[in-house]
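Notes to accompany the following structure.
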Amino acid sequence: MRKEILSGIGVIISLFFGNLFTFSNSLIVENIPPIKIGHLSSQTGSLKDQHEYAIMGARLSLEENNVLAGFFGKEFSLVSESYTQIKFAPQKALKLIQEDNVIAIVGNLDEQATLFISELTQKHRVPFFNSASKADNLRGVDCHRYTFHIKPSAAIYISAIGQWLIHKKNLTRWYFLSDDSFANIKIYEQAQHFLKQENGREIAHEIISTGKSTYLPILKKIKYTNPEVVFVILNSEDQINFLKQYKKYDLPFQVVSPYMDIVQLWKHDAKNLIGVWPTIWYHELFRYSARELNNRFFRKYNKPMDSTAWTNWAAVKIIGEVVIRSNSTTGKDIIESLESNFPFDGHKGSALTFRNRDHQLKQPLHLVTPRSEPGKRKGDILKIVTRVPIPGIKVKSNSLEGLGIPHSESKCQLESL
Amino acid sequence: MNYLIVPIILAYLTFFTDLTANPLAYVSNERSNSVTVIDTKTDKVVDTIAVGNRPRGIGLSPDGRILYLALGRDNAIGVVDTVTRKQIDAISAGSDPEAFSVSPDGNRLYVSNEDANTASVIDTQTHQIIAVIPVGIEPEGVAVSPNGMTVYVTAETTHTVSVIDTIALKVISTILVGSRPRAAAFTPDGKQAYITSEIGSVVSVIDTKTNKVIDSIKIEKKDKQIKPMGVIVSPDGKHVYVATGRGNLVAIIDTSTNTVISYIPVGMRVWGVALTTDGKKLYTANGISNDVSVINTETEKVVATISTGKGPWGIAIEK
């Protein structure tokens, strides 16, 4: 209905004013309500600290979308909801859909809530953009046609660090350390599978409980087993604590993680840490056009842009651009646009598109490691090791399409529109 | 006194007339803060001019006496006397100027200000900014129509082209083009404009009468990272030459069909392009290989490769 109204007004104005259509934008904006984009954010667990960055990213994007929309007589608004208990997630999402009439929802949510909302939005035919959960099942057995994933999957993170270890550093003997949480055991299994596919060897898998204060017995055990790689899969605080102790103990083995929460890391002195891990975004990325986006974010908030801010910025930006280009706000049209190789400029130097088989955004990542000394600006604590896919390595898995679970192993079956 | 000055002037004119007998190409080197001067007849470097910090956008006054340079780190447009080959002035031009265009009468410069989301209009006589015009986010490429009546300014983040009326000094239309538009070029008759889009990997064709996109040309080649960047239309209007960045190729578009008819391999990270007045030679600035490729446009072959300073970005050729 909204599309028909906009089209109708557009035709009438075009007939009367021809090329002066854009001069009439302000008149149209005054008469047409803004197009609403929903934003749902968790303030529980590890996502609590990310909430602020998620909102900042989404708001920057809203501003940018409104500059574009203003040229064409449209306006967007962001309806933000958050919760502190996961049980409220579905009702917050329902409010966005039924009361606020949002055209799409961006969710910065944990795995369980992402699954709830993915099912709910599928039922209500509202596009949903996952900006926080890396669970592989959401791109596998639990995938949905109306859900798109900005956040890389766990398998993509594992591939990214794994490519570097196997094909760049030739390190194939891995020691795994994980906690006993369901999510991290799943990540371990995926990493173990990757290593097997690459003909590497698992030296050991040590499962520990969360919240340990000392890792000395484990460090001694690692030293004894003499691996080439120590692969750490712990929650953020434990991971940082372990990497600090690992550095202090001064083991010679390459230590890596499949991911790191930089917002958590900013609370610590990174020079006491060691390790390499993949990241979606880092505020010291200056190549391509990353500098411009990082500068815009810093100018607006006086804070560096992190990966959470980027995924939420990207989700809102994609929604806005698709609506303007397709001149439609219907879920079906948004999905058809995104499934037709819609080229998104994520300031990463190449067009980013969604993989049609599971709706995962294909994007380069960067491997980072702590600097020995902090940089000039607040938060300058890491340095870039390499971009992934890694330049110069010619294997199928070292490509935007190949990162993550291969097509042959995908269990995703998207519904019809 | 006069009989002292006259011979000096004569000697000066003789010396520089000889030097400028062949049209010269000027290449901005963003990483060595210099301009390489190339004789387009011999394709040899004849001089290197030291300029301000991070020169990228480059353009000549219609009489060829003044060379302008966008100096990103100086927040200025550098003014170089092409006779003495010295930078003689720097015009304050807002934050981080990257690209600009000189009006056909030489009286104005139109400059994109990337961080400020504006286009600045500079009077070349007074060196004053006479207007600051809001455009899209991250403005980049600037092109003035052959009749000087309109200016197209691309904006990378909003994927738009702002059309500025040069009399009213206002945006009269905004056109949505391919993702991340970089450069713009008009056909000699001014009826169409070609806009390159780096991320969309397309060249949008705009009817300048209606300010609407009438065609979109995909620029793609297997196993190449094609990123359409610099663009120029041949003097006869029959061909459009598109630099493809890290694709290390120049794409040639036939304007009668708006299709790519060939790709010519050049140096690494090809960016700025310029043609000699007769259209027989195309010069490309290759930012990573630190050289300029010279293409014979009839045979579509590279006939010379000329070493430059570090990071050659843009090229301007005398008329």
Side-chain angles (χ1 to χ4, degrees), chain A residues 14 17-25 60-61 63-74 287-300 313-314 317-318 320-327 341-353 363-364 389 391 394 399-400, chain B residues 72 95-96 98 114-118 134-140 150 155-165 168 170-182 197-202 206-213 216 218-220 223-228 245-247 269:
Chain A
S14 295
F17 297 101
N19 294 335
L20 300 179
F21 178 83
T22 51
F23 276 135
S24 309
N25 288 355
L60 175 65
S61 199
E63 276 185 17
E64 294 178 5
N65 278 347
N66 274 335
V67 173
L68 173 62
F71 293 137
F72 304 100
K74 294 176 184 173
R287 286 194 70 187
Y288 313 110
S289 54
R291 185 185 72 101
E292 283 76 18
L293 177 58
N294 275 323
N295 285 348
R296 289 202 297 274
F297 190 90
F298 197 85
R299 274 201 303 270
K300 183 168 171 62
W313 169 85
K317 193 84 162 45
I318 287 169
E321 290 187 5
V322 167
V323 166
I324 297 297
R325 285 198 185 275
S326 66
N327 197 26
N341 271 334
F342 177 84
F344 173 61
D345 177 17
H347 292 250
K348 288 191 165 197
S350 58
L352 309 184
T353 56
Q363 57 175 305
K394 306 272 184 204
S399 65
L400 289 183
Chain B
S95 171
D96 193 17
E98 182 171 338
E114 192 168 64
D115 293 344
N117 306 331
T118 56
V135 292
I137 301 174
E138 254 189 274
E140 166 97 7
T150 53
E156 295 167 318
T157 290
T158 43
H159 321 297
T160 49
V161 174
S162 298
V163 182
I164 296 171
D165 179 321
K170 281 183 178 169
V171 173
I172 55 167
S173 184
T174 302
I175 308 160
L176 187 62
V177 293
S179 185
R180 201 163 188 82
R182 301 300 293 247
S197 289
E198 177 189 358
I199 294 296
S201 206
V202 295
I206 294 172
D207 179 328
T208 57
K209 195 172 176 186
T210 61
N211 285 323
K212 297 211 179 299
V213 174
S216 186
K218 189 77 182 165
I219 312 289
E220 57 189 345
D223 297 330
K224 292 282 185 184
Q225 293 180 50
I226 299 287
K227 293 177 183 177
R246 287 171 197 276
R269 206 208 70 174

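The figures here come from the full heavy-atom set of this structure, side chains too, leaving out hydrogens, waters and symmetry mates.
- Heavy atoms of V202(B) lying under 4.5 Å from chain A are absent altogether.
- Here the shortest heavy-atom pairing between P343(A) and G200(B) reads CG-CA, 4.4 Å.
- Atoms CD and CD, on E292(A) and E140(B) in that order, are 8.5 Å from each other to the nearest 0.5 Å.
- Contact record, G349(A) with I199(B): C-CD1, 4.0 Å, taken as the closest heavy-atom pair.
- The minimum heavy-atom distance linking S289(A) with E138(B) is given by the pair CB-OE2, 4.5 Å.
- Under the 4.5 Å side-chain criterion, counting only non-hydrogen atoms from C-beta, H159(B) is not in contact with I324(A).
- Taking CD1 of I137(B) as the start and CG of L68(A) as the end, the distance is 8.0 Å to the nearest 0.5 Å.
- Remark: R296(A) CZ to D115(B) CG distance equals 9.5 Å, nearest 0.5 Å.
- When all heavy atoms are compared, the tightest approach of I175(B) to F72(A) is C-CZ, 4.4 Å.
- If you measure heavy-atom distances from F342(A) to chain B, you find no contacts under 4.5 Å at all.
- Within the 4.5 Å cutoff, side-chain heavy atoms of Y288(A) are placed close to those of K227(B).
- With a 4.5 angstrom heavy-atom cutoff, R299(A) touches chain B only via side-chain atoms.
- Smallest separation of non-hydrogen atoms from D345(A) and R180(B): OD2-NH1, 2.9 Å.
- Residues T157(B) and E64(A) meet the side-chain proximity criterion, which asks for heavy atoms closer than 4.5 Å.
- The shortest side-chain heavy-atom distance between E156(B) and H347(A) does not fall under the 4.5 Å cut-off.
- Contact of T160(B) with chain A is made through the side chain alone, with heavy-atom distances under 4.5 Å.
- T158(B) OG1 to F71(A) CZ: the interatomic distance, rounded to the nearest 0.5 Å, is 5.0 Å.
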